[in-house]
There are 2 protein chains.
Amino acid sequence: MEKIKLSSSLEDYLEAIYNILLHSEKVRAVDISRELNVSRASVTEALKKLDELDFVNYGRYETLSLTESGKKYAVEVLSKHNHIQDFFEKILGAEHEEACENACKIEHIISENILDRLVAFTEFTKLHPEKYNEFVQYYKERRNQ
Amino acid sequence: MEKIKLSSSLEDYLEAIYNILLHSEKVRAVDISRELNVSRASVTEALKKLDELDFVNYGRYETLSLTESGKKYAVEVLSKHNHIQDFFEKILGAEHEEACENACKIEHIISENILDRLVAFTEFTKLHPEKYNEFVQYYKERRNQ
DNA sequence: AATAATTGTAAGGTAAGCCTAACATTTTGT
DNA sequence: ACAAAATGTTAGGCTTACCTTACAATTATT
């Protein structure tokens, strides 16, 4: 089974749905529209697409939910987001808001491999604040596990 | 005078023109179309827009050139690209190709401030490979100059 | 110089992603 | 229960950025 790559826009919708479900029972189109600053009409349109791709269970005026693959996809995007934001905030020292905004865009386009290296670098940096240049070796060994 | 922010796409066109002019006398639409993997028709369309915005001097069947602001804009984008690529390649140890591809996308969306911090971090890391955590202080001082 | 090949442009089409306005449905308040 | 408010949907439009096809202009070849 091919791994589908969604557009940045649809990834944002999935992510928003997941986030809303973290602190609510239900997701309403209007919640998503507020989260993403788009019209309710745009939300309906996006939900139809996500439903066709089997990432959400959607029906007119019905309760919306994520499918298993929708949940999985959302978690992946969110994980990317958090890793990128963490690097910007904790390593580069950027403000929370700015780190978040940048991560929101980069999460959709960064490659798996570079993200993996970035994560490893952040981890290592946190573990060994005094010397970072053992990182290269660390990364090599980490890859060979 | 407001600083115009071009779309990612138009930034790509400007960048391509600049790059071609680095090793050619003239830029042809077909060169741009090859560099960006788009049709010649799309190039014509983009050139009309860039001409209207006064980033290129363009006229039907005439020699194309960058205006001063076009050149300035292209240099800025290219500089962003190089900084990001440098971090991915030299610090994270990614392959040249992958570093370049990722930089090509991120250059259009990263914020000035985070890029500045990334650049400083890369510089510092190169200067002090043994201890990186003086970076925070370094960055502060660097900002106050 | 005439023809062939290349390059540039115009016209018309497509898809994604957004919008507003109007209408349908559901929920809320009295 | 019923009117008012909120929410969801549809229809129609817009913009960006692509495309293909056909034609125009330029450049290269013989």
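Here the structure is a predicted model, which is why all the values come from computation and not from measurement. In what follows, every chain begins at residue 1, and chains take the letters A, B, ... in the order their sequences are listed.
- Residues forming a salt bridge (charged side-chain N to carboxylate O under 4.0 Å, His left out) with A:Glu25 (at least two apart in sequence, or on another chain): none.
- Nucleic acid contact class of A:Arg40 (heavy atoms, under 4.0 Å, all strands): base.
- Residues from residues 45-53 of chain A lying near DNA chain C, meaning a heavy-atom separation below 4.0 Å, are A:Glu45, A:Lys49 in numerical order.
- Looking at residues two or more places apart in sequence or on another chain, you find a ring-ring contact (aromatic ring centres under 6.0 Å, His included) between A:Phe87 and B:Phe87.
- Criterion: ILVMFWY side-chain heavy atoms under 4.5 Å apart, direct or through other members. Under it, A:Ile4 and A:Leu10 are part of a common hydrophobic cluster.
- Under the rule for a salt bridge (charged side-chain N to carboxylate O under 4.0 Å, His left out), the partners of A:Glu76 that lie at least two apart in sequence or sit in another chain are A:Lys3.
- No continuous path of hydrophobic side-chain contacts links A:Tyr61 to A:Ile17 [ILVMFWY only; heavy atoms under 4.5 Å].
- Remark: A:Ser42 is not in phosphate contact with C:dC18, judged by side-chain N or O atoms under 4.0 Å from OP1 or OP2.
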Pair up each side-chain donor or acceptor in residues 105-112 of chain B with any protein partner under 3.5 Å, not counting sequence neighbours, and list the distances.
| unit_1 | atom_1 | unit_2 | atom_2 | d |
| --- | --- | --- | --- | --- |
| B:Glu107 | OE1 | B:His81 | ND1 | 2.7 |
| B:His108 | ND1 | B:Glu11 | OE1 | 2.7 |
| B:His108 | NE2 | B:Asp12 | OD1 | 2.8 |
| B:His108 | NE2 | B:Cys104 | O | 3.0 |
| B:Ser111 | OG | A:Glu98 | OE2 | 2.7 |
| B:Ser111 | OG | A:Asn102 | ND2 | 3.2 |
| B:Ser111 | OG | B:Ile114 | N | 3.3 |

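- Scanning for ring-ring contact (aromatic ring centres under 6.0 Å, His included) contacts around B:Phe88 gives an empty result, with sequence neighbours left out.
- Backbone-only engagement by B:Ser9 is indicated by non-hydrogen atom pairs under 4.0 Å involving sugar-phosphate atoms exclusively.
- Minimum heavy-atom separation, B:Lys80 to B:Leu115: CG-CD2, 3.3 Å.
- Between A:Glu68 and A:Lys71, at least one side-chain N (NZ, or NE/NH1/NH2) sits under 4.0 Å from a carboxylate O, which counts as a salt bridge.
- Comparing A:Arg60 and B:Thr44 by the nucleotide of DNA chain C that holds the closest heavy atom to each, the one mapping nearer the 5' end is B:Thr44.
- Contacts between residues 29-39 of chain A and DNA chain D, counted as heavy-atom distances below 4.0 Å, involve A:Ala29, A:Val30, A:Arg34.
- Under the salt bridge (charged side-chain N to carboxylate O under 4.0 Å, His left out) criterion, B:Lys90 pairs with B:Asp86, sequence neighbours left out.
- In summary, contact between chain A and DNA chain D, defined as any nucleotide atom under 4.0 Å from a heavy atom of the protein, begins and ends at D:dT7 to D:dT10 in the 5' to 3' direction.
- Rounded to whole angstrom, the span from the CZ atom of B:Arg28 across to the P atom of C:dG8 amounts to 6 Å.
- Taking 4.0 angstrom as the limit, A:Tyr13 places a side-chain polar atom (N or O) nearer than this to OP1 or OP2 of C:dC18.
- In this structure A:Tyr73 satisfies the ring-ring contact (aromatic ring centres under 6.0 Å, His included) test together with A:Phe55, sequence neighbours excluded.
- The residue among A:Ser8 and A:Tyr61 whose nearest nucleotide of DNA chain C is located toward the 5' end is A:Ser8.
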Would you be so kind as to tabulate the donor-acceptor pairs closer than 3.5 Å made by side chains of residues 28-46 of chain B, with sequence neighbours excluded?
| unit_1 | atom_1 | unit_2 | atom_2 | d |
| --- | --- | --- | --- | --- |
| B:Arg28 | NE | B:Asp31 | OD2 | 3.3 |
| B:Arg28 | NH2 | B:Asp31 | OD1 | 2.9 |
| B:Asp31 | OD2 | B:Arg28 | N | 3.0 |
| B:Ser33 | OG | B:Val30 | O | 2.9 |
| B:Ser39 | OG | B:Ser42 | N | 3.2 |
| B:Ser39 | OG | B:Ser42 | OG | 3.1 |
| B:Thr44 | OG1 | B:Arg40 | O | 3.3 |

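- Atoms CD (B:Glu62) and C1' (C:dG8) sit 12 Å apart, rounded to a whole Å.
- Using a 4.0 Å cut-off on heavy atoms, none of the residues of residues 14-25 of chain B approach DNA chain D.
- For the 3.5 Å distance criterion, the side chains of A:Ser65 and A:Asn57 qualify, holding a donor opposite an acceptor.
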